[in-house]
Every structure is written in structure tokens, then in C-alpha cells.
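One structure, as C-alpha cells, below. Some questions next.
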There are 2 protein chains.
Amino acid sequence: MNLGLLLFLPYRFMESAVMAELKTHGHDLPLSHARVFQRIGLDGSRMNDLAVAAQISKQTLTSIVDQLEAQGYVRRSPSPHDARVRLVTITDRGQELIALSQPVVTAIEATWTSHLGHAHAAQLRHLLTALVEITDPLAAG
Amino acid sequence: MNLGLLLFLPYRFMESAVMAELKTHGHDLPLSHARVFQRIGLDGSRMNDLAVAAQISKQTLTSIVDQLEAQGYVRRSPSPHDARVRLVTITDRGQELIALSQPVVTAIEATWTSHLGHAHAAQLRHLLTALVEITDPLAAG
DNA sequence: TGCATAAGTCCGAGTATCGGACTAATAATG
DNA sequence: CATTATTAGTCCGATACTCGGACTTATGCA
């Protein structure tokens, strides 16, 4: 099995679990929205950066942020430095999504750790972090 | 950064590279088609299994296989054991996709190996394989 | 000032996706 | 065996997603 698929399957497992958890709490957002939401930085993110990070067109991003905003998860605010730029930030309601996801992620990571062993799980995280440095479009590498 | 995102970013990097390579050779298939194609077994796969593996509805799978078949990448044949079942198999033209992807995957894996070191890269593959055992819906775990 | 570029949005067309309902074939039950 | 339940797969119709093209506004550059 190629390395891409080996990465994909555990990833999707976690993603599905998180989405299901959100859904049971009344947050029924599609995957595409979650993938954008996930990349919003603490200080807010520019629309263009989010589009690059999520690898979708700017038009699609506009549509997704419209909906996230209408549902109260994010807010658009102007950048103080550049009047063209809109910064997307997470609202209190959006923080709920993170709060709900956290325990699910933690639980799954615990399952994986018990399956691999502590040392190996830590190493997995370490190796993946190294890989992300050279594969994330936002890391400009 | 959570483990899901750490898995996702390298995965998508490889996926994008493969899709781009296929496109330059005239195979312009969407991601959803590739994700299905990737799960077709050597002896053929049942429609239902493919839908489960790709986590899409049976209706969507029918549509995708229709298109893959129309483009000559796969073939539907009846199962000798169960007249309800249709086995999806890869045609010669479909094998081209695999042949084109192979060197791209190999090259990226080589890049990653040089970034991580041989032993660590092997370890990464080993750990991910263990994880797939408990996260692939087809593995019935 | 004038021109090129960048950020973001609106519109319209094409497509994807799914729920519901359906057919055909097998499995289970009495 | 006859009857019912379940499974595999498909068709149809409605909804929503996604993107190319064109546009507005703002910044960078000569």
C-alpha cells in the first residue's frame, strides 16, 4: 500500500469521528467547511491564505466563509494594514466546535498510542511534523 | 497541530502531485474518481465495498464508476458466485494510470526518506501500516 | 499620475452528491 | 418449499457545491 493511502486512512478516520461528534451536538457542517475552519489562525487568516491552505478557489472560499459566518462560527473583519484584506476570525460559537473536537481527537490519539506504544506514537508525531514542514503549501516550502 | 492535520497535509501533497502528473498525460480525472480507483483490488472489487472504502453513497459510486467505465479505465463484470454482484476491474487503460503514478509516488517517497533518514522513513511506514489496520473501514476493524 | 497587480466578491453554468424509491437476486425462516 | 427479509445495484429528481469569467476596490511600482 502506498504511503499516500497509509496517511489518508487514519486521517479520514479521525476526521469522520470529529464530524460525527459535531453533528450529534447540532453542528452539521460539511467537510469542506471544516477543512477551511481548521486552518484559521489565532490572529485571523486572510481569505487568500485560507484558499491556498485548503487548495480551493477563492470563489469557493468566499462561499464557504459566507456560510460559516451566517452560522456564526466565524467573523470577517478588515485588516488594519491593508484595506483590501479581510481577516477571518473564529467567534465564541466557533470556539465551541474546537471544544467539542478536542476530546474526540484526544481519545483517538489515546487509542492509537495504546496500539503503537507510547514511544512509537511520540515518534510518529515527530516524523509527521517533519513531513508537514515540506508539504504544507502555507509553509512556503 | 493535531494528528489529523499532520496526516492530512503530507497525504494531500502526494495526492496533488499524482493528480497533476496524470493531468499532464491527458488523464483529467477528478479527485473523487481517483479515490475510488485507488481502492479497486487486483481481483476486482464489489460496488458496495468500493462505496464503503471511499465513504460515499452507493448512488454516488454508481455515477463515478459509470464515468470511469465510459472513459475506459475500468470494466464491470458479473460475479460468478452471486448474480447480484458486479465486480469492478481495472482495464489496460486503467493500468496506465497506475504506471504513471508509480514514479511520482516513488520520487516523493525518496524525498521524504532523504528528509527523515532511511531508518525513520521505514519506521514511519511501519507505524502507519499498524494504524491503517484499525482505521480502514474495509479492514472490518 | 498612470499602469500593473493583488484581494475579494458576484454571477451563471456545469457537475457532484444524496435521499427515496425501485428491481433483481440471495438468505433466512417456518 | 413457499414466504419474507435482506442485500447489491441502479434510476430519478432536488439540492448544493465548485469553478471560470468578469468586476470592484485597493496597493505597489515606474
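Just so it is clear, the model here is predicted, and its values are computed rather than measured. Chain naming here is simple, since letters A, B, ... match the order of the sequence lines and numbering starts at 1 in each.
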*Any chance you could measure B/Leu7, atom CG, to B/Leu128, atom CG, to the nearest 0.5 Å?*
6.5 Å
Provide a list of protein-nucleic acid N or O atom pairs under 3.5 angstrom, restricted to nucleotides 4-10 of chain C.
from  : atom 1 : to      : atom 2 : distance (Å)
C/dA6 : N3     : A/Arg84 : NH1    : 3.3
C/dA7 : OP1    : A/Arg46 : NH2    : 3.3
C/dA7 : OP2    : A/Asn48 : ND2    : 2.8
C/dG8 : OP1    : A/Met47 : N      : 3.3
C/dG8 : OP1    : A/Arg86 : N      : 2.9
C/dG8 : OP1    : A/Arg86 : O      : 3.2
C/dG8 : OP2    : A/Met47 : N      : 3.4
C/dG8 : OP2    : A/Asn48 : N      : 2.6
C/dG8 : N7     : A/Lys58 : NZ     : 2.6
C/dT9 : OP1    : A/Arg76 : NE     : 2.7
C/dT9 : OP1    : A/Arg76 : NH2    : 3.3
C/dT9 : OP2    : A/Thr62 : OG1    : 3.0

_Under the rule for salt bridge (Lys or Arg N to Asp or Glu O under 4.0 Å), what residues qualify as partners of A/Arg93, not counting sequence neighbours?_
none
*For B/His120, does the NE2 atom have more than 12 heavy-atom neighbours from other residues, nucleotides or ligands under 6.0 Å away?*
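Not buried by this count: 12 neighbours or fewer within 6.0 Å.
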Return the polar atom pairs (N/O with N/O) between nucleotides 14-17 of chain C and the protein under 3.5 Å, or none.
from   : atom 1 : to      : atom 2 : distance (Å)
C/dA16 : OP1    : B/Gln67 : OE1    : 3.4

N/O donor to acceptor pairs below 3.5 angstrom from side-chain atoms of residues 13-29 of chain A, sequence neighbours left out:
from    : atom 1 : to      : atom 2 : distance (Å)
A/Glu15 : OE1    : A/Tyr11 : OH     : 3.2
A/Glu15 : OE1    : A/Arg35 : NH2    : 3.4
A/Glu15 : OE2    : A/Tyr11 : OH     : 2.3
A/Glu15 : OE2    : A/Arg35 : NE     : 3.1
A/Glu15 : OE2    : A/Arg35 : NH2    : 3.4
A/Ser16 : OG     : A/Arg12 : O      : 2.8
A/Ser16 : OG     : B/Gln55 : OE1    : 3.2
A/Thr24 : OG1    : A/Glu21 : O      : 2.7
A/His25 : ND1    : A/Glu21 : O      : 3.0
A/His27 : ND1    : A/Tyr73 : OH     : 2.7

_Qualifying residues under salt bridge (Lys or Arg N to Asp or Glu O under 4.0 Å), relative to B/Arg39, sequence neighbours excluded_ =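 Once residues adjacent in sequence are excluded, the partners of B/Arg39 under the salt bridge (Lys or Arg N to Asp or Glu O under 4.0 Å) criterion are B/Asp136.
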*Look up atom OG1 in A/Thr62 and atom CD in A/Glu69, then write down how far apart they are to the nearest 0.5 Å.*
11.0 Å
*asked:* Holding to salt bridge (Lys or Arg N to Asp or Glu O under 4.0 Å), I want the full list of residues that pass it with B/Arg125, two or more places apart in sequence or in another chain.
replied: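 With sequence neighbours excluded, B/Arg125 shows a salt bridge (Lys or Arg N to Asp or Glu O under 4.0 Å) to B/Glu109, given in chain and number order.
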_Residues A/Asp66 and A/Arg76 bridged, charged N to O under 4.0 Å_ = yes
*Atom CG of B/Asp28 to atom P of D/dC19: distance rounded to whole Å?*
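It is 13 Å, rounded to the nearest whole Å.
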*Provide, to the nearest angstrom, the distance between the CG atom belonging to A/Leu31 and the C1' atom belonging to C/dC18.*
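It works out to 15 Å between those atoms.
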